[in-house]
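The structure under discussion appears below in the form of structure tokens.
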Amino acid sequence: MTEPVLVDQSFFLRDDVVAIARELIGKIILVDDQKTFKAGIIAETEAYAGETDRASHAYGGRRTNRTETLYLSGGHVYVYLCYGIHHLLNIVTNQAGIPHAVLIRGIVPVGKEHLPSYFATRFAKWEGLANGPGKLSSKLGITLKHNGMMLNENMIQIYNSILKTSQEVVSSTRVGVDYAGEDAKLPYRFYLKHYKPTKW
DNA sequence: CAGTGGATCGTCT
DNA sequence: GACGATCCACTGG
């Protein structure tokens, strides 16, 4: 059978972070913790449009130790700690110096038969739901140590899905960004139509 | 069901 | 020293 192909960095270097957020839906994310491989199909994302987006950590061109990762080139991983408990996983997009990112908010399980065959022996299934950014990181084992890593080099990889079922992708406003004023109303959130996120 | 509040710590002021 | 791109337990109806 045909095997999934790694997403090229050029996918993440593009200008349109909203399009990237939408197109990430249905792709496969895989995490290698050295002992096992854990994977899921990306089911929910949000776009954060950097300097012009009040909901972004980099709004107004804000540069701190934490946000420095956002200014790396597309394809880097931005992880930060929320409420002291949850590790939130983002993929940086656009050219270096432009702090765009996509927050991965939800995944659904994917069987090892859909992954490259060499993952089979170390494949580890995860249980329960990963329908929230904190839960997703918990299931996949994402922590602050992944912050600043480049996708597809070793620890975290993203593959084009080879799944036949192309489900409809719908959009809505983002979650938990009430402080962002008018920008909170932007339709920057995407999810599989038949996937049930925690909040609507 | 909906609504509320506590957990817990890195980051920034 | 305050707070958060969240989650879960617990309340009350």
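Every chain is numbered from 1 and lettered A, B, ... according to where its sequence line falls, protein lines coming before strand lines.
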### Message
Enumerate the ring-ring contact (aromatic ring centres under 6.0 Å, His included) contacts for residues 11-47 of chain A, please, sequence neighbours excluded, ordered by first and then second residue.
### Response
F37(A)-F119(A)
### Message
Counting only side-chain nitrogens and oxygens, does R54(A) get under 4.0 Å of the OP1 or OP2 atom of dA5(C)?
### Response
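Answer no for this pair, as no side-chain N or O of R54(A) is under 4.0 Å from OP1 or OP2.
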### Message
Is there a side-chain contact between R66(A) and the phosphate of dG4(C), meaning an N or O under 4.0 Å from OP1 or OP2?
### Response
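Looking at the OP1 and OP2 atoms of dG4(C), neither is under 4.0 Å from any side-chain N or O of R66(A).
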### Task
Please check if any side-chain donor atom of Y78(A) sits under 3.5 Å from a side-chain acceptor atom of H57(A), or the reverse.
yes
### Message
Side chains of S117(A) and E3(A) only: does a donor on one sit below 3.5 Å from an acceptor on the other?
### Response
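Yes.
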### Query
With sequence neighbours left out, what residues match D33(A) under salt bridge (charged side-chain N to carboxylate O under 4.0 Å, His left out)?
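Partners of D33(A) by the salt bridge (charged side-chain N to carboxylate O under 4.0 Å, His left out) criterion, ordered by chain and then number, come out as K38(A).
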In this structure, how many angstroms lie between the [atom2] atom of [N] and the [atom1] atom of [X], rounded?
X       : N       : atom1 : atom2 : value
E46(A)  : dG4(C)  : CD    : P     : 16 Å
R62(A)  : dT13(B) : CZ    : C1'   : 9 Å
Y59(A)  : dA5(C)  : OH    : P     : 15 Å
R174(A) : dA5(C)  : CZ    : P     : 11 Å
Y78(A)  : dG4(C)  : OH    : P     : 14 Å
H57(A)  : dG10(B) : NE2   : P     : 16 Å
L129(A) : dC8(C)  : CG    : P     : 9 Å
N131(A) : dT6(C)  : CG    : P     : 13 Å

### Query
Base, sugar-phosphate, or nothing: which does R63(A) touch, judged by heavy atoms less than 4.0 Å apart?
nothing
### Task
State which of dT13(B), dA5(C), dG10(B) makes the closest approach to the side chain of L81(A).
dG10(B)
Return all side-chain donor-acceptor pairs below 3.5 angstrom for residues 18-27 of chain A, not counting sequence neighbours, or 'none' if the list is empty.
{"unit_1": "E23(A)", "atom_1": "OE1", "unit_2": "R14(A)", "atom_2": "NH1", "d": "3.3"}
{"unit_1": "E23(A)", "atom_1": "OE1", "unit_2": "R14(A)", "atom_2": "NH2", "d": "2.9"}
{"unit_1": "K27(A)", "atom_1": "NZ", "unit_2": "N160(A)", "atom_2": "OD1", "d": "2.8"}

### Message
If the condition is side chain to side chain contact (heavy atoms under 4.5 Å, CB included), which residues does V5(A) pass it with, not counting sequence neighbours?
### Response
none
### Task
If a pair satisfies side chain to side chain donor-acceptor pair (under 3.5 Å) and one of its residues is in residues 136-149 of chain A, list it, with sequence neighbours excluded.
T69(A)-N147(A)
### Any pair counted as side chain to side chain donor-acceptor pair (under 3.5 Å), so long as it reaches residues 80-89 of chain A, sequence neighbours left out
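Matches after skipping sequence neighbours: none remain.
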### Base-pair map of DNA chain B as dot-bracket, where | denotes pairing with a different strand and pairs are Watson-Crick or G-U under 3.5 Å
|||||||.||||.
Under 3.5 Å, sequence neighbours excluded: what are the donor-acceptor pairs made by side chains of residues 175-184 of chain A?
{"unit_1": "Y179(A)", "atom_1": "OH", "unit_2": "A55(A)", "atom_2": "O", "d": "3.2"}
{"unit_1": "E182(A)", "atom_1": "OE2", "unit_2": "K185(A)", "atom_2": "NZ", "d": "3.1"}
{"unit_1": "D183(A)", "atom_1": "OD2", "unit_2": "R54(A)", "atom_2": "N", "d": "2.8"}

### Query
Please, which pairs that meet salt bridge (Lys or Arg N to Asp or Glu O under 4.0 Å) have at least one residue in residues 66-94 of chain A, sequence neighbours excluded?
R63(A)-E68(A)
Which atom pairs link the protein and nucleotides 6-8 of chain B when you take only N or O atoms and keep those under 3.5 Å?
{"unit_1": "dT8(B)", "atom_1": "O2", "unit_2": "Y83(A)", "atom_2": "O", "d": "2.3"}

### Q9(A) side chain vs G74(A) backbone, donor-acceptor pair below 3.5 Å
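A pair under 3.5 Å: yes.
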### Query
Under a 4.0 Å heavy-atom cut-off, which of residues 88-101 of chain A touch DNA chain C?
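When residues 88-101 of chain A is checked for heavy atoms under 4.0 Å from DNA chain C, the hits, listed by number, are L88(A), N90(A).
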Donor-acceptor pairs are to be reported for all side-chain atoms of residues 149-156 of chain A against protein atoms at under 3.5 Å, with residues two or more places apart or in another chain.
{"unit_1": "N152(A)", "atom_1": "OD1", "unit_2": "I158(A)", "atom_2": "N", "d": "3.0"}
{"unit_1": "N152(A)", "atom_1": "ND2", "unit_2": "V7(A)", "atom_2": "O", "d": "2.8"}

